[in-house]
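Accompanying notes for the structure given below.
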Amino acid sequence: MVKRNTCVFISGKGTNLKNLILKSRDYNFPINIKLVVCNNKKAEGIKLAKINSIPLLLVNTNKRNFENLIIKFLKKYKISFICLAGYMKIISKNFLKNFRKDIINIHPSLLPKFKGLNTFKRVLKNNEKKTGCTVHFVNEKLDGGKIIVRKSFSINKKDTELLIKNKTQKLEYIAFPEAIVKIFRNY
Ligand code: GAR
């Protein structure tokens with residue numbers, strides 16, 4: 001199968017990156033991870049790129065043209081698909097104009113509920129009965145693009161923020177690969 005040259009953007013631990021690296025080793029999984037972009041030099045996920053010999057671009061988002069640098073690298077590595085896996089920076093309109101292929105994001109709530117940050121805290125405060133994660137296409141609206149896959153679980157009375165986070169992330173490791181397979185199934 002022809003696999004898509006993919007770039008994964010991270011800012012933190014990179015557990016979703018790790019999961020996608022493992023999945024991409026499968027002959028039938030439709031992506032190859034050719035580049036990792038990270039905007040946090042202290043991110044644990046950087047190690048994963050290194051261990052797996054995946055080229056890494058570390059960007060400083062305080063620099064005005066950091067997205068142009070990313071675009072340059074995307075071209076260099078012939079990237080045609082981007083996965084945002086815990087990338088805590090909003091993708092600009094200009095970037096979207098320059099990269100006209102698919103970008104998907106994983107978000108730790110049942111979108112359209114709880115867009116943005118601090119989702120687990122807000123889910124608990126709002127006494128939600130269930131929560132989960134969503135994989136969606138990225139457009140110019142924050143966490144507002146078309147939904148590809150959503151997975152949920154029921155919240156127990158005893159659930160804490162940490163428990164909800166752990167349960168959500170477990171679902172993310174199923175939802176993200178599932179969304180990728182779904183996107184490329186018809187290509
Ligand atoms: C994931 O739970 C993801 O849903 C969330 O960051 C975490 C990254 O974990 N993303 C967002 O909150 C985006 N707004 P990881 O670095 O271990 O994959």
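Computed from a predicted model, the values in this text were never measured in an experiment. Each ligand, and each atom within it, is numbered from 1 in the order the structure gives.
Every atom of ligand 1 with a heavy atom of Gly86 under 4.0 Å away is listed here by number and element: 6 (O), 8 (C), 10 (N). When each atom of ligand 1 is checked for a heavy atom of Lys13 under 4.0 Å away, the hits are 16 (O), 17 (O). Close approach of ligand 1 to Pro108 is summarised as follows: ligand atoms under 4.0 Å from at least one heavy atom of the residue are 4 (O), 5 (C), 10 (N), 11 (C), 12 (O).
For atom 18 (O) of ligand 1, the nearest non-hydrogen atom from the set Val8, Asn16, Thr119, Ile90 belongs to Asn16. Of the listed options Lys89, His107, Gln169, Lys115, His107 places a heavy atom closest to atom 14 (N) of ligand 1. The residue from Thr15, Leu17, Thr168 that puts a heavy atom closest to atom 15 (P) of ligand 1 is Thr15.
Residues Phe66 and Asn60 have side chains not in contact (no heavy-atom distance under 4.5 Å, counting atoms from C-beta outward). Within the 4.5 Å cutoff, side-chain heavy atoms of Pro108 are placed close to those of Glu172.
The main-chain N or O of Tyr173 is found under 3.5 Å from a side-chain atom of Asn19 such that the two form a donor-acceptor pair. For His136 (side chain) and Arg150 (main-chain N/O), no donor-acceptor pair under 3.5 Å exists by modelled atom type. Asn126 contributes no side-chain N or O that, together with a main-chain N or O of Arg122, makes up a donor-acceptor pair within less than 3.5 Å.
Heavy-atom distances between Met88 and ligand 1 reach below 4.0 Å in at least one pair. Using a non-hydrogen distance threshold of 4.0 Å, Ile106 registers as a contact of ligand 1. Using a non-hydrogen distance threshold of 4.0 Å, Gly14 registers as a contact of ligand 1.
Look at Arg4 and Asp102 and you find no salt bridge, because none of the NZ, NE, NH1 or NH2 atoms lies under 4.0 Å from a carboxylate O.
For a threshold of 3.5 Å applied to N or O pairs, the pair formed by Glu172 and ligand 1 contains at least one separation below that value.
Among Ile54, Ile180, Ile33, Thr6, the single residue meeting the side chain to side chain contact (heavy atoms under 4.5 Å, CB included) criterion with Ser24 is Ile33.
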